[in-house]
Q: 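The structure that follows is given in the form of structure tokens.
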Amino acid sequence: MIFASRLRSAPRLTLLNLTDNVPGHVPPIDGLAAATAERGTVYVVDNGAGTILALDTSGWPEGTVFVGEPSDNSNPLVGTLNLFTGQITPLGNTFVSPKGMLFVPAGDE
């Protein structure tokens, strides 16, 4: 994952190598949503199942980053991303192929 900062002056790019629950794996992320409030819902498009799932984010703090890993590598999952280490912690592997994600703060649903 590549992050960009100081875009108006001296642009800087930072690389964050990602890993998941499979050692040596390079996860193909195909969806990302950041919690902009302490309570809300992450909507996940499960392209492989043809469904949209709603995940309650109660218990995760504002700023939590949720990612989707599609079935491209036979390890489909939705998890949280540690922005310091690049480690993805799965929330559950009940997805066929999660593709898109959207966070909606509580009260805006």
Side-chain angles (χ1 to χ4, degrees):
M1 185 171 284
I2 299 172
F3 295 90
S5 61
R6 295 186 276 178
L7 298 178
R8 293 182 188 248
S9 57
R12 179 175 177 212
L13 300 178
T14 305
L15 175 67
L16 177 64
N17 292 307
L18 304 181
T19 186
D20 58 15
N21 58 335
V22 178
H25 214 227
V26 178
I29 300 304
D30 198 353
L32 180 142
T36 58
E38 288 192 22
R39 291 185 18 246
T41 304
V42 171
Y43 293 94
V44 181
V45 176
D46 192 340
N47 191 53
T51 60
I52 298 174
L53 302 168
L55 303 175
D56 181 1
T57 63
S58 297
W60 284 289
E62 181 177 345
T64 299
V65 177
F66 299 91
V67 295
E69 189 174 330
S71 61
D72 300 14
N73 63 358
S74 301
N75 189 40
L77 61 86
V78 169
T80 58
L81 172 63
N82 182 315
L83 291 175
F84 297 101
T85 66
Q87 177 67 42
I88 298 168
T89 302
L91 300 179
N93 283 327
T94 60
F95 299 91
V96 178
S97 190
K99 291 282 187 173
M101 305 177 82
L102 171 70
F103 177 81
V104 179
D108 289 347
E109 294 102 350

Q: For the atom pair CG (N75) and CZ (F95), what is the distance rounded to the nearest 0.5 Å?
A: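 Answer for the CG-CZ pair, N75 versus F95, is 12.5 Å.
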
Q: Got a sec, which residues hit side-chain contact (heavy atoms from CB on, under 4.5 Å) with P76, two or more places apart in sequence or on another chain?
A: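 Result, side-chain contact (heavy atoms from CB on, under 4.5 Å) vs P76: S71, P98.
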
Q: Determine whether L83 and L77 fall in the same hydrophobic cluster, where Ile, Leu, Val, Met, Phe, Trp and Tyr are linked whenever their side-chain heavy atoms lie under 4.5 Å apart.
A: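 Linked within one cluster.
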
Q: How about CZ on F3, more than 12 heavy atoms from neighbouring residues, nucleotides or ligands closer than 6.0 Å, or not?
A: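 More than 12 heavy atoms, drawn from other residues, nucleotides or ligands, come within 6.0 Å of this atom.
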
Q: Might you work through the side chain to side chain contact (heavy atoms under 4.5 Å, CB included) test for T41 and F103, ending with a clear yes or no?
A: CA-CA 6 Å; T41 304; F103 177 81; over 6 Å; no

Q: Using the rule that Ile, Leu, Val, Met, Phe, Trp and Tyr join whenever any side-chain heavy atoms are under 4.5 Å apart, tell me whether V65 and M1 fall into a single cluster.
A: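 In one cluster: yes.
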
Q: Mind checking who shares a hydrophobic cluster with I2, ILVMFWY linked at side-chain heavy-atom distances under 4.5 Å?
A: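 I2 clusters with L13, L15.
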
Q: Can you tell which of I29, T89, D20 makes a side chain to side chain contact (heavy atoms under 4.5 Å, CB included) with V67?
A: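 Going through the options one by one, the only one that passes is I29.
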
Q: With sequence neighbours excluded, give me every ring-ring contact (aromatic ring centres under 6.0 Å, His included) pair touching residues 57-79.
A: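 As it turns out, the ring-ring contact (aromatic ring centres under 6.0 Å, His included) pairs with a partner in residues 57-79, which skip direct neighbours, are W60-F66.
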
Q: Is there a chain of hydrophobic side chains (I, L, V, M, F, W, Y, each step under 4.5 Å between heavy atoms) that links V44 to I88?
A: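 Each belongs to a different hydrophobic cluster.
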
Q: Please tell me whether V45 and L102 are part of a single hydrophobic cluster in this structure, the criterion being side-chain heavy atoms less than 4.5 Å apart.
A: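 The answer is yes; both residues are in one hydrophobic cluster.
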
Q: Might you point out which heavy atoms bring A33 and M101 nearest each other, and give the distance in Å?
A: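 Taking A33 first and M101 second, the nearest heavy atoms are CB-CB, 3.9 Å.
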
Q: Is it true that a side-chain atom of D46 and a backbone atom of I52 form a donor plus acceptor pair closer than 3.5 Å?
A: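 Judged by distance alone, no pair lies under 3.5 Å.
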
Q: Distance from T57 atom OG1 to E38 atom CD, nearest 0.5 Å?
A: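 Between T57 OG1 and E38 CD, I get 9.5 Å after rounding to 0.5 Å.
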
Q: Measuring from N82:CG to T19:OG1, what's the distance to the nearest 0.5 Å?
A: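 Going from the CG atom of N82 to the OG1 atom of T19 covers 11.5 Å.
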
Q: Say you draw a straight line from CD of E69 to CG of N21; how long is it, rounded to the nearest 0.5 Å?
A: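 The CD atom of E69 sits 7.0 Å away from the CG atom of N21.
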
Q: Measure the spacing between CD of Q87 and CG of L18 and express it to the nearest 0.5 Å.
A: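 Interatomic distance, Q87 CD to L18 CG, rounded to 0.5 Å: 9.5 Å.
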
Q: Would you say Y43 ends up clustered with V78 if hydrophobic residues are merged whenever their side chains have heavy atoms under 4.5 Å apart, either directly or through other cluster members?
A: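 In one cluster: no.
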
